[in-house]
Asks: 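Here you go, one structure.
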Amino acid sequence: MIRRLLGIPGRLWTGLIGGFARSWQNVSTALVQIWANKGRSILTTLGIIIAVTSTITVVAFVKGFGDSMTNMVRGYGTQFMVVRPLNWFEARHDERVKRIRLDMRDIEAVRTECPHVQRISPFVFHEQTEVAYGLEKATEVPLRGVTEYYQSIRNYYVDAGRFFGPMEVATAAHVVVLGRTLLKQLECDESIVGKQVYVDGHRFLVTGILAAKGGMFGEDQDKTIMVPYTTALNMYPHLRESLPFLAEAQSEADIPEAQAEITRVLRQRHALLPTDPDDFRVERQDQMLREFERIRNIASGSLAGIVSISLLVGGIGIMNVMLVSVTERTREIGLRKSIGGRRRDILMQFLTEAVVLCTLGGLIGVVLRYLISHLASLHPQMVSVNVPLWSVALALGFSAAAGVVFGLIPACKAAILHPIDALRHE
C-alpha cells in the first residue's frame, strides 16, 4: 500500500526495506554489545560526554550573558547618536583640522536644519563632583548636564519625584536628580526629594530619584547626578566650547539619514573643505550594538571550538576501545564470514557500534547540560541561560561524526580479516 502511494518500484522498495532491516539489526547488535560491557562503555564514552556537555554549556552561557548585555544596551536606547568634538590628541597630527570646537550655536543649527532628528540634548559631563547632604559626602560622582529630553533619549526616568522641566533648563535653576547609589552613600532614602544638597559647594534642590539602572562594563550607572545643562555650564564655563550632544533620530531606520544631516550641517558651520577631515565624531548606538553582537558571536564560536577539541580526545578513546573489541571478537568475525558474512556487513556492524556509542555519549552530555543549566538558574544573580536547539543538534551531529571517523579504522580492520585466520585466533 505505502509503496503504491509513493510510486516506488518493487526492487527499490525491497532494497529499502532490506537496508532498514539490516541497519536496525546492526543498531540492536550494537546496543547488546554496549549493554554487555556497561562499565567499559561508560568509561569509553566519558570523553564524548564531557566534550558535549562542555561545548553546549559554553555556547549557552556565552549566549545568555551576551543576550543579557544586548538587552541592557538596548535599554539605554538605540535611536540616538553621540556627537563629540575631536580632542587635541586625536587632531594634533592633522594640521587640516582648523579648530576643535562644538558649541551651542552648532547644536541649535543641528536642531533646526536636520529633519530626521526628533530630539536633541547638550551633554555637559563633569566626572569629579562632590555631593554633600548634612554631614555625609559622596565624592567622585559623575555629573551630567542635560535637558529634559535626556530621559526620553537614554531611557533615564525617575521613579520618585520628577525630572526637571524646560523652564528650569531655560532659567538655569539649581535643581538636581540623584541616582540610587547616592542614596546609600549619603545615608538617606527617597524622603530626600524636596530637600537641599550641595554639589561642588552650590546648593541644589532635589526634585527626583532616578530608577535603578545597574552596572554596565564595570561602571555603576546609578552613581550619577543630573542637572540642567545651563546650570552645569555656569558651574564649569570652560566646557562651553567643547560641548558634546545627543541626537535622537525619528526611528532606527532614519539613523543613517540623521547622521548624514548632522555631518553636513557641522561641516558647513566649521567651514571645512571637501578634503578636510571631520573635526567631530558621530558615535551611533546601533553600530555599537552590532559591534558588540559581532564580538559576542566570535567569542562564542572561538570558545566552543576550543572546548570541542575534547571531542578529539573522546574519539581517540573510542577508537582504542573499538580496536580492543575487534581483537576480542576475532573468532566471532571469522564465524560470521564463514557462514556468508560479507566485508561490508562486518564493516557496518562495527561502524554502527562506534556511532551508537558516541551518540549515546552525546545524549548523556545533553541531559547533563540541562541539569547544569537548572542548577545555575537557582542563583539569584544568574542571567537567563537558554540552551539553543542548534547547539544541541550540532553537538549530537559531531558525536555521530566522531563515531564514524574514529570507528572507521577498527571497522576496516575487522572487515579485512581472513575467516580462516580469524577462526584460528586464540
Side-chain angles (χ1 to χ4, degrees), residues 72-73 75-77 82 84-85 87-89 104 121-246 380-381:
M72 183 182 297
V73 172
Y76 290 107
V82 181
R84 306 178 187 273
N87 59 43
W88 182 80
F89 295 101
M104 280 304 303
S121 173
F123 185 73
V124 181
F125 185 75
H126 190 263
E127 191 170 7
Q128 303 291 329
T129 308
E130 181 182 270
V131 182
Y133 175 64
L135 298 177
E136 303 298 330
K137 289 184 179 180
T139 59
E140 299 182 358
V141 180
L143 176 144
R144 291 176 169 93
V146 295
T147 69
E148 70 279 6
Y149 295 126
Y150 185 82
Q151 58 177 338
S152 301
I153 296 173
R154 290 295 311 274
N155 291 329
Y156 256 113
Y157 294 98
V158 297
D159 60 359
R162 64 175 179 83
F163 209 84
F164 45 80
M167 288 298 297
E168 290 160 320
V169 174
T171 58
H174 278 217
V175 290
V176 64
V177 178
L178 304 180
R180 286 280 168 184
T181 299
L182 289 181
L183 298 184
K184 301 176 184 178
Q185 294 182 335
L186 298 176
E187 297 185 3
C188 61
D189 54 23
E190 294 179 357
S191 62
I192 195 175
V193 175
K195 297 181 180 179
Q196 307 285 336
V197 297
Y198 286 86
V199 179
D200 277 353
H202 300 271
R203 189 168 62 179
F204 279 76
L205 173 68
V206 179
T207 62
I209 307 297
L210 293 167
K213 280 285 188 179
M216 182 177 179
F217 304 120
E219 179 184 355
D220 186 358
Q221 299 293 306
D222 298 320
K223 186 180 180 180
T224 187
I225 60 174
M226 295 186 190
V227 302
Y229 81 92
T230 48
T231 308
L233 289 178
N234 289 338
M235 295 173 64
Y236 314 108
H238 63 282
L239 298 176
R240 288 183 181 275
E241 292 191 355
S242 181
L243 188 59
F245 65 91
L246 277 69
Q381 295 183 345

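None of these values were measured; they are calculated from a predicted model.
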Asks: Fit a plane to each ring of F123 and F125, take the angle between them on a 0 to 90° scale, and name the class: parallel (under 30°), tilted (30 to 60°) or perpendicular (over 60°).
Replies: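 Parallel.
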
Asks: Would a 4.5 Å heavy-atom cut-off, applied to side chains only, mark I225 and T129 as touching?
Replies: yes

Asks: Once rounded to the nearest 0.5 Å, what's the spacing between atom NZ of K137 and atom CD of Q185?
Replies: 14.0 Å

Asks: In the structure I gave you, are the side-chain heavy atoms of L210 and R180 within less than 4.5 Å of one another anywhere?
Replies: no

Asks: Taking all non-hydrogen atoms of both residues, which atom of D222 and which atom of A211 are closest, and how far apart?
Replies: OD1-O, 3.8 Å

Asks: Side-chain contact, heavy-atom cut-off 4.5 Å: P122 with V146?
Replies: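 With C-beta onward as the side chain, the pair stays apart.
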
Asks: Under a 4.5 Å cut-off applied to non-hydrogen side-chain atoms, are Y198 and V131 in contact?
Replies: no

Asks: Check this for me, if you would: do E127 and R144 make a salt bridge, where the nitrogen-to-carboxylate-oxygen distance has to be below 4.0 angstrom?
Replies: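 Here E127 does not pair with R144 in a salt bridge, since their nearest N and O are not under 4.0 Å apart.
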
Asks: Could you walk me through whether V199 and L143 pass the side-chain contact (heavy atoms from CB on, under 4.5 Å) test, one step at a time?
Replies: CA-CA 9 Å; V199 179; L143 176 144; 3.9 Å; yes

Asks: To check you understand the geometry: which heavy-atom pair defines the closest contact between P237 and N234, and what is its length?
Replies: CD-O, 3.8 Å

Asks: For L178 and V206: C-alpha separation, side-chain torsions, deciding distance, then whether side-chain contact (heavy atoms from CB on, under 4.5 Å) applies.
Replies: CA-CA 7 Å; L178 304 180; V206 179; 4.1 Å; yes

Asks: Rounded to the nearest 0.5 Å, how far apart are OH of Y150 and CZ of F164?
Replies: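 CZ of F164 is found 10.0 Å from OH of Y150.
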
Asks: Counting only N and O atoms by type, is there a donor-acceptor contact under 3.5 Å from the side chain of T231 to the main-chain atoms of V227?
Replies: no

Asks: To the nearest 0.5 Å, how far apart are CG in L182 and CD1 in I192?
Replies: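 So the CG of L182 and the CD1 of I192 are separated by 8.5 Å.
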
Asks: Closer than 4.0 angstrom, basic N to acidic O: yes or no for E168 and R162?
Replies: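 Salt bridge: yes.
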
Asks: Just so I know, are the side chains of V197 and V176 near enough to count as touching, which here means a heavy-atom distance under 4.5 Å?
Replies: yes

Asks: Any side-chain heavy atom of L243 sitting closer than 4.5 Å to one from M104?
Replies: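 Yes, their side chains come closer than 4.5 Å.
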
Asks: Return yes if some donor-acceptor pair links the side-chain N/O of T139 with the main-chain N/O of E130 below 3.5 Å, else return no.
Replies: no

Asks: For residues G194 and L205, report the shortest heavy-atom separation together with the two atoms involved.
Replies: O-CD1, 3.4 Å

Asks: Would you name the heavy atoms of P228 and A173 that are closest together and state the gap between them?
Replies: CG-O, 3.7 Å

Asks: Mind checking the OG-CG spacing from S191 to L183? Nearest 0.5 Å is all I need.
Replies: 9.0 Å

Asks: In the structure I gave you, are the side-chain heavy atoms of P142 and H126 within less than 4.5 Å of one another anywhere?
Replies: no

Asks: What's the shortest heavy-atom distance between G145 and A232, and which atoms?
Replies: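 Nearest pair, atom of G145 first, then A232: CA-CB, 4.0 Å.
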
Asks: Heavy-atom count around Y236 OH within 6.0 Å, excluding the residue itself: above 12?
Replies: yes

Asks: Do H174 and Q196 come within less than 4.5 Å of each other through their side chains, counting heavy atoms only?
Replies: no

Asks: Kindly compute the distance separating CZ (R154) from OG (S121), expressed to the nearest 0.5 Å.
Replies: 10.5 Å

Asks: Look only at the side chain of T230 and the backbone of V169, and say whether a donor-acceptor pair between them is shorter than 3.5 Å.
Replies: yes

Asks: Could you tell me the separation between the CD atom of Q221 and the OH atom of Y156, rounded to the nearest 0.5 Å?
Replies: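 Reported to 0.5 Å precision, the distance equals 4.0 Å.
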
Asks: Which atoms form the tightest heavy-atom contact between L246 and V82, and what is the distance?
Replies: CG-CG2, 4.2 Å

